[in-house]
Amino acid sequence: MIDLTGLKLIREHIELDTVDSTNTYALNAARPGLLVTARSQTEGRGRQGRRWFSPPTGNIYMTLTLPAPDPRLCLVAGAAVRETLAGLLGGVEVRIKWPNDILILGRKVCGILCEARGGVAALGIGVNVNQSEWPAELTDSATSLKLVSLRALPLDDVLQTLVAGLDRWLVLYRDHGFEPVRAAFLEHGPRPGSPGRLEDGTPCIVLGLSAEGFLEVEVEGRRRT
């Protein structure tokens, strides 16, 4: 179990062996401050209904619930996870891919799914910790902390560090607003001036991140958010 001592926003931890989805479980519980973790998921999901591959191989599958849904919470979670993983790996570059995938050397190591129901927000986070094999369609795009560091990491230690970092960043956002999160994203996310694509495939140039948490881009000479 996670040690909740000193954490300000996380009040309860439910640890499961297997669950359909930690987000679904947490939203059904419908109480803020709940941390749900599982060893595996049978129906893990990512953004836009994509499946999140969730085998019982030593990865982290977790959801934290918060009151008052806020679309910027996804960006807060992205900044927190990125910082935590960078600290665990030392000098390896860890970056944020819009809106909140975490990449190591260009490969995805973490996905974050934010959902809300009935006034409760759920921050779902999946981190590849000790996984070394994936389905064929993910082999060239996924990685894990183990593959990058060339050693297995104690799962409970990684989870404890991640939860502490998430709590700290959420408190920072609550007490000091969005600017620290925005600064972290601008430093470790898509670099201004870099090429990108909208979700429909349209080419764009990244300009920055607005104070409201929207990505600002240039498309065919016009500024868009």
Look up atom CG in Leu73 and atom CZ in Phe178, then write down how far apart they are to the nearest 0.5 Å.
10.0 Å
Please check if the side chain of Ser149 supplies one atom and the backbone of Leu89 the other of a donor-acceptor pair under 3.5 Å.
no
Please report the C-alpha distance between Thr84 and Thr161 in whole Å, then the side-chain angles of each, then the deciding distance to 0.1 Å, and finally whether the side-chain hydrogen bond (donor to acceptor under 3.5 Å, both in side chains) criterion is met.
CA-CA 7 Å; Thr84 298; Thr161 304; over 6 Å; no
Rounded distance [0.5 Å steps], CG in Leu215 versus CH2 in Trp98
5.0 Å
In Å, rounded to the nearest 0.5 Å, how long is the span from CG of Leu155 to CD of Gln160?
12.0 Å
Determine whether more than 12 heavy atoms belonging to other residues, nucleotides or ligands lie under 6.0 Å from atom CZ of Arg224.
no
Any link between Leu64 and Val120 through a network of hydrophobic side chains (Ile, Leu, Val, Met, Phe, Trp, Tyr) touching at under 4.5 Å?
no
Shortest non-hydrogen contact between Cys110 and Val127, atoms and distance:
SG-CG2, 3.9 Å
Rounded at 0.5 Å granularity, tell me how far CD1 in Ile10 sits from CG in Leu35.
5.5 Å
Show your reasoning for whether side-chain hydrogen bond (donor to acceptor under 3.5 Å, both in side chains) applies to Thr63 and Asn23.
CA-CA 6 Å; Thr63 296; Asn23 264 27; 2.6 Å; yes
Please determine whether salt bridge (charged side-chain N to carboxylate O under 4.0 Å, His left out) holds for the pair Arg72 and Glu212, giving the CA-CA distance in whole Å, both sets of side-chain angles, and the decisive distance to 0.1 Å.
CA-CA 8 Å; Arg72 292 187 292 188; Glu212 295 75 31; over 6 Å; no
Determine whether a donor-acceptor pair (N or O, by modelled atom type, separation under 3.5 Å) exists between the side chain of Thr139 and the backbone of Pro135.
yes
Under the criterion side chain to side chain donor-acceptor pair (under 3.5 Å), which of Asp17, Thr18, Asn59 is the partner of Ser40?
Thr18
Let me see the working for Asn128 and Leu145 under side-chain contact (heavy atoms from CB on, under 4.5 Å), right down to the final yes or no.
CA-CA 7 Å; Asn128 300 331; Leu145 302 184; over 6 Å; no
Glu218 meets the salt bridge (Lys or Arg N to Asp or Glu O under 4.0 Å) criterion, sequence neighbours left out, with none
Report the C-alpha distance between Tyr25 and Ile14 in whole Å, list the side-chain angles of each, state the deciding distance to 0.1 Å, and finish with yes or no for side-chain contact (heavy atoms from CB on, under 4.5 Å).
CA-CA 10 Å; Tyr25 188 102; Ile14 295 177; 3.9 Å; yes
With side-chain contact (heavy atoms from CB on, under 4.5 Å) as the test, would you mind laying out the steps for Glu115 and Leu27 before giving the verdict?
CA-CA 8 Å; Glu115 298 180 303; Leu27 288 170; 4.1 Å; yes
Measuring from atom SG of Cys74 to atom CD1 of Ile125, what distance do you get when rounded to the nearest 0.5 angstrom?
9.5 Å
Might you work through the salt bridge (charged side-chain N to carboxylate O under 4.0 Å, His left out) test for Glu216 and Arg223, ending with a clear yes or no?
CA-CA 7 Å; Glu216 299 174 320; Arg223 190 183 191 92; 3.1 Å; yes
Group every Ile, Leu, Val, Met, Phe, Trp and Tyr by side-chain heavy-atom contacts under 4.5 Å, then state whether Phe214 and Ile112 land in the same group.
no
side-chain contact (heavy atoms from CB on, under 4.5 Å) between Leu162 and Met62, intermediate numbers included
CA-CA 10 Å; Leu162 181 61; Met62 60 173 279; 3.8 Å; yes
Is there a side-chain contact between His176 and Val171 in this structure, where contact means two heavy atoms from C-beta onward sitting under 4.5 Å apart?
no
Rounded to the nearest 0.5 Å, how far apart are CG of Leu9 and CG of Leu166?
8.5 Å
Salt-bridge test for Asp156 and Arg39: reply yes if a basic N is under 4.0 Å from a carboxylate O, no otherwise.
yes
Do any N or O atoms from the side chain of Asp167 and from the backbone of Lys8 form a donor-acceptor pair under 3.5 angstrom?
yes
Same apolar cluster: Val94 and Leu105, side chain cutoff 4.5 Å:
yes
May I ask you to test the Lys108-Ser141 pair for a side-chain heavy-atom distance under 4.5 Å?
no
Which pairs, with at least one residue in residues 83-100 and sequence neighbours excluded, count as a salt bridge (charged side-chain N to carboxylate O under 4.0 Å, His left out)?
Glu83-Arg168, Glu93-Arg95, Glu93-Arg191
Quick one: closest heavy-atom pair of His13 and Thr37, and the distance?
NE2-OG1, 2.8 Å
Tell me the closest heavy-atom pair linking Ala38 and Val19, and the distance in Å.
CB-CG1, 3.6 Å
Do the side chains of Leu66 and Leu172 join up, straight or via other hydrophobic residues, at under 4.5 Å, putting them in one cluster?
yes
Kindly check if the number of other-residue, nucleotide or ligand heavy atoms within 6.0 Å of CD (Glu220) is above 12?
no
Do Arg31 and Arg11 have side-chain heavy atoms sitting under 4.5 Å apart?
no
Is any side-chain heavy atom of Asn130 closer than 4.5 Å to one of Ser144?
no
Can Val148 be reached from Val109 by stepping across I, L, V, M, F, W or Y side chains whose heavy atoms are under 4.5 Å apart?
yes
Does any donor atom in the side chain of Asn28 or Arg117 lie under 3.5 Å from an acceptor atom in the other side chain?
yes
If you define the side chain from C-beta out and look only at heavy atoms, does anything of Tyr173 sit under 4.5 Å from Leu75?
no
